[in-house]
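Reviewing the structure listed below.
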Amino acid sequence: MAEVVLSFLLKRLSTFLNQECAHLTGLRQGFQFINDELGSIRAFLRDFDTQTQQNNELFQEWVKQVQEVAYEIEDVIDQYMLIFDGVQNTCSSIKSLRVRHRLSNKVNDIKSRVENISARHQRYKLDYEFHETERNSIGDEENLVRHIRQRALLLEEAELVGIDGPKNELLSRILDDNSYLKVVSVVGMGGMGKTTLVRRVYEDINVRRQFQTRAWITVSQTFRIKSILRDLIQQLHKEIKESVPSDIESKDVDGLKLFLKDFLQEKRYIIVIDDIWSTGAWEALIDALPDRNCHSRVMLTTRIADVASTSCYEHHGYVYRMKALSDEESWTLFCNKAFEDKCCPLYLENVSRRILKKCEGLPLAIASIGGLLFLKDKSRTNELEKIYQNLTCELEGSGKMDRLNKILLLSYNDLSYYLKSCLLYTSFYPEDYSICSHQLIRLWIAEGFVRDREGMLSVDVAEDYINELVNRSLLQVARRNANGSIEQCRIHDIVREIILSKAKEHGIITVVKGRYTKGLNITRRLVIQDFTSDSQEDIEHKFLRSLVIFKYGDCISTSSLLKSLCGRSNLLKVLSLDHELPLEKIPKQVFKLFHLKYLSLKGSKVKVIPKSIKNLQNLEFLNLSDTRVTELSPEILKLAKLRELYLFKSGDYSSNYAVHGFRAPNEIGRLKSLECLQYIDADNAKIVKEIGKLRKLQELYITKLSREDGKQMCCSLEKLTNLKKLRIVSANEDEILDLQHSISTISQSHYKSLSLDGRLEQIPQWVPSLQGLMELYLFGSGLMEDQLESLQILPNLLKLVLYNAYRGEKLCFKAGGFQNLKRLILHQLKRLRSIIIEEGAMPHLELLQVTGCELMEELPEGIQNLRQLQEVQFYEMPKKLIAELDKGNKESQKYKKIGHVPKIYIGNWKNGKWDGRFI
């Protein structure tokens with residue numbers, strides 16, 4: 001982990017040395033020396049064997065010292081910036097000299113410590129080189145990885161459940177009649193049982209009979225292609241009882257590949273490539289395997305989705321994604337492993353099921369925890385309670401659990417340093433928490449975890465990070481948008497326990513849950529979950545960089561906590577209080593946080609943002625959504641670095657006008673760095689014109705637009721060539737949105753999402769030209785059918801929502817229209833009686849939701865033509881239609897029209913949400 005800390009520090013140091021060159025008199029040489037020495041140490045850490053690091057206590061102590069000095073350097077840089085560039089830049093020259101002298105002494109002290117650390121580094125470097133030579137003489141680290149995997153395999157083999165269905169599925173793919181070389185990839189997170197499943201297929205009697213020769217190779221993270229090819233040749237020869245040619249040892253990689261191709265040329269073979277981590281490894285291996293239409297097969301296991309899909313792309317392949325065990329299967333496996341008679345005593349069932357819930361169907365975790373419980377005194381319920389409460393400690397301490405820990409850490413250790421930090425950061429979210437990708441991305445950016453990538457915005461780079469962690473089976477997708485992007489993600493509870501331990505060990509994040517106990521370690525990032533203690537003075541504040549509070553008492557105690565933490569730690573960069581904390585007033589200490597980049601007060605009771613907001617000169621993200629703030633003072637215009645501003649109040653979602661924006665200063669156009677603005681009241685022509693000056697805007701949400709300002713709005717939109725998301729809300733439900741004015745640059749824009757809330761005399765002429773548009777929302781438009789027809793030509797539209805937007809009695813979707821639409825939502829179309837879907841319309845539709853269309857008593861005509869339809873939802877619909885769809889009428893003609901749809905829901909609006917049931 002020290003490598004991660006050093007990498008970010010060196011990036012910071014480099015920027016600091018370049019930007020502060022003119023002001024670093026007397027300090028530059030010291031900083032440069034520190035930069036060079038730590039760069040050398042980082043290079044050593046990157047090469048040093050991870051396993052050796054973990055098993056060498058002396059080395060761990062040295063690494064701890066490296067990390068501590070890195071944090072101290074970061075503190076010095078931040079203090080320097082605070083004194084000479086921050087709110088204290090009005091200090092007298094004498095005071096500045098004193099501060100500079102103090103910082104100079106600090107830099108010299110750190111320089112001396114770095115010299116000592118570097119000397120010890122040279123000693124470890126020699127030890128490492130000796131260790132490397134010794135290790136190579138007896139084998140390599142692959143033996144250790146292979147041993148861990150074999151122990152995990154044996155652990156799972158003891159009591160397998162839920163494997164027959166997946167095994168039969170894979171056998172059907174392996175034993176089919178296709179003569180070409182076929183690749184079957186099995187992908188899933190560590191501990192899912194991929195190796196066990198494939199081993200069962202590989203050993204099946206029918207597989208043994210069908211293939212002339214076979215081999216099983218384990219690749220691992222640090223594979224050596226030459227040794228793997230030799231191992232493969234030896235296994236294939238052994239299988240057919242032939243001796244291996246004597247010249248194999250002398251051949252290079254190309255020679256070994258040519259030999260393999262020649263040997264397998266006319267043979268029907270099956271080869272398993274277990275635990276493959278990169279497409280490069282796959283390409284190196286597949287290059288040695290011939291395809292001679294002999295019905296040969298290759299199976300591989302991987303944790304990385306891209307490797308699975310790449311391996312199958314050119315080889316008629318099939319990707320099998322491992323699924324978690326069902327609740328019933330999980331319980332069976334758990335009882336088999338935990339109890340001698342394979343039956344859970346009634347008095348232990350509650351705690352056992354709570355422990356099992358943490359495993360989330362992960363077979364290795366269930367078997368490991370079950371095996372641990374088997375050794376406990378089960379007459380004492382508190383023994384199991386201790387395991388539930390201290391699962392992190394068990395993962396690190398128990399022999400059985402330690403194997404699970406090592407298996408899952410393989411995925412973590414394979415990450416680049418910046419992805420390691422991003423993953424560790426997710427550990428602060430509570431168990432079973434759906435993580436908003438939008439929020440997580442902004443936090444990563446504020447923390448400095450996101451690397452610059454030429455030609456890309458930081459948010460796009462961070463979105464790639466989320467996709468990569470999902471691809472590596474370390475994050476799970478909770479919900480996707482219509483365009484396929486990840487809207488919400490989550491982390492497996494067992495993975496969370498492991499990375500939370502890692503984050504705490506290295507002082508990256510400390511999570512306080514429940515009552516605080518003394519002795520809390522110094523931490524850079526503090527997360528408070530349900531913190532109930534009245535004692536805050538024992539927390540070490542001065543090193544704090546981030547503070548996230550999920551829940552904290554009443555208004556007085558929350559304010560007191562903030563005063564304490566923000567008052568003692570003036571180097572905070574992230575302050576997130578967006579979980580409906582009972583905070584009515586922002587403590588003045590918050591506005592002294594010069595380094596603050598991220599401030600969220602979402603859902604609080606704050607009413608006023610004071611003028612001192614201007615002091616937060618480094619603020620980039622400000623979230624005031626669902627607070628009681630309705631207006632921002634002109635001081636907000638002094639935040640030159642502000643990139644995203646959210647200020648709105650959510651209302652009653654049964655109304656078209658569910659969002660209320662904020663009154664902005666008349667010169668809002670001075671915030672040149674703004675990329676996202678939600679929601680601004682466009683209640684005068686001056687504001688509408690100013691919006692056109694915000695040339696970097698990518699997301700713009702506007703409320704209270706009047707008819708007379710429509711032309712000016714179009715003029716401003718014409719200047720916003722970076723806009724991707726746009727929402728415009730009219731002043732009231734009777735106000736017409738007049739957007740019929742020409743926008744010459746609109747066809748070249750990158751619009752992805754458009755929402756128009758208000759009456760439209762006709763659809764704006766520029767909307768059908770939005771070739772890249774993926775989502776379109778029309779609220780209260782009052783349109784007739786002939787106008788909607790122009791939307792059906794949109795080539796990339798994936799989601800269409802019509803909410804009280806159509807006044808006709810018949811809605812017809814023409815043949816050939818909406819060729820890529822996947823989600824169609826029709827809501828509160830009060831006059832609608834019938835829907836006609838012509839053959840060839842909406843061929844890729846997956847979801848159809850119809851709500852509150854009280855005159856529509858028949859199913860859409862032609863719904864049987866929608867062969868890709870996966871889900872239909874009818875809410876608040878006429879009783880006649882619902883009655884014929886309900887369980888007792890599955891033989892009715894109406895039901896048969898949608899009999900091909902896997903999921904059909906009916907329901908009503910209850911207690912402020914849609915209450916549906918499956919039929």
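Contact between I441 and A462 at its shortest, heavy atoms only, is CG2-CB, 3.5 Å. Contact detail for A503 and L424: the closest heavy-atom pair is N-CD2, 4.0 Å. Heavy atoms only, all atoms of each residue included: V574 and L443 are closest at CG1-CD2, 3.6 Å. Residues L423 and T426 share a closest heavy-atom pair of O-OG1, 2.6 Å. Among all heavy-atom pairs drawn from M322 and M192, the shortest one is CE-O, 3.3 Å. Across every non-hydrogen atom of R480 and G484, the tightest pair is NH1-O, 2.7 Å.
Contact of the Q439 side chain with the S576 side chain is registered, since non-hydrogen atoms from C-beta on lie closer than 4.5 Å. Residues P363 and L325 meet the side-chain proximity criterion, which asks for heavy atoms closer than 4.5 Å. The closest side-chain heavy-atom distance from N623 to R442 is not below 4.5 Å. Counting only heavy atoms from C-beta outward, the side chains of I509 and Y425 approach each other to under 4.5 Å. For the pair D493 and L362, the minimum side-chain heavy-atom distance is 4.5 Å or more. Contact check for K337 versus I366: no side-chain heavy atoms found under the 4.5 Å cut-off. No side-chain heavy atom of M299 sits under 4.5 Å from any side-chain heavy atom of Y202. For the pair C359 and I369, the minimum side-chain heavy-atom distance is below 4.5 Å.
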Could you give me the CA-CA distance, side-chain angles and deciding distance for E447 and S546, then say whether side-chain hydrogen bond (donor to acceptor under 3.5 Å, both in side chains) is met?
CA-CA 8 Å; E447 294 282 4; S546 303; 2.4 Å; yes

Show your working on side chain to side chain contact (heavy atoms under 4.5 Å, CB included) between I304 and W277 and close with a plain yes or no.
CA-CA 7 Å; I304 303 175; W277 288 80; 4.1 Å; yes

In sequence, state the C-alpha distance, the side-chain angles, and the governing distance for V187 and V307, and then conclude on side chain to side chain contact (heavy atoms under 4.5 Å, CB included).
CA-CA 9 Å; V187 63; V307 174; over 6 Å; no

Verdict with supporting geometry, E349 and W331, side chain to side chain contact (heavy atoms under 4.5 Å, CB included):
CA-CA 10 Å; E349 184 169 343; W331 183 249; 4.0 Å; yes

Evaluate the criterion side chain to side chain contact (heavy atoms under 4.5 Å, CB included) for residue pair S352 and Y347; output intermediate values, then yes/no.
CA-CA 9 Å; S352 294; Y347 67 90; over 6 Å; no

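For the atom pair D164 CG and L197 CG, the distance stands at 10.5 Å (nearest 0.5 Å). Atom CD1 of I494 and atom CZ of R496 lie 11.0 Å apart (nearest 0.5 Å). With rounding to the nearest 0.5 angstrom, the CD1 atom of I499 is 5.0 Å from the OG atom of S427. Rounded to the nearest 0.5 angstrom, E871 CD and Q849 CD are separated by 9.0 Å. For the atom pair NZ (K602) and OG1 (T627), the distance works out to 11.5 Å, reported to the nearest 0.5 Å. Distance CG/L475 to SG/C422: 9.5 Å, rounded to 0.5 Å.
Across K357, R490, K358, a single residue satisfies salt bridge (charged side-chain N to carboxylate O under 4.0 Å, His left out) together with E431, and that is K358. The side-chain contact (heavy atoms from CB on, under 4.5 Å) test with V198 is passed by exactly one of I273, L300, V272: V272.
No side-chain donor-acceptor contact under 3.5 Å links E360 to the backbone of A324. Side chain of K194 to main chain of G188: a donor-acceptor pair is present (N/O by atom type, distance under 3.5 Å, no hydrogens or angles). Judged by distance alone, the side chain of S185 and the main-chain N or O of V319 form no donor-acceptor pair under 3.5 Å. N471 places no side-chain N or O within donor-acceptor distance of the main-chain N or O of N467, the cut-off being under 3.5 Å. Between the side chain of S309 and the backbone N or O of A305 there is at least one donor-acceptor pair closer than 3.5 Å. Judged purely by atom type and a 3.5 angstrom limit, H438 has no side-chain atom pairing as donor or acceptor with the backbone of Q488. Listed for the S421 side chain is no donor-acceptor partner under 3.5 Å among the backbone atoms of Y418. With T301 contributing its side chain and D275 its backbone, the two residues share a donor-acceptor pair below 3.5 Å.
Between Y465 and W444, the two ring planes are tilted [angle within 30° to 60°]. Between Y598 and F621, the angle of the ring planes lies from 30° to 60°, which puts this pair in the tilted group.
Figure legend: cation-pi geometry between R173 and Y318, with NZ or CZ positioned under 6.0 Å from the six-membered ring centre and within 45° of its axis. Cation-pi contact between R525 and F428: absent, since separation from the ring centre below 6.0 Å together with deviation from the ring axis within 45° is not met. Geometric assessment of K420 against the ring of Y412 yields a positive cation-pi assignment under the 6.0 Å and 45° thresholds.
More than 12 heavy atoms of other residues, nucleotides or ligands shown are found within 6.0 angstrom of CZ on R354. Applying the 6.0 Å contact sphere to CG of D327 captures no more than 12 heavy atoms from other residues, nucleotides or ligands.
A salt bridge links R472 with D414: the closest approach of a Lys/Arg side-chain nitrogen to an acidic carboxylate oxygen falls below 4.0 angstrom.
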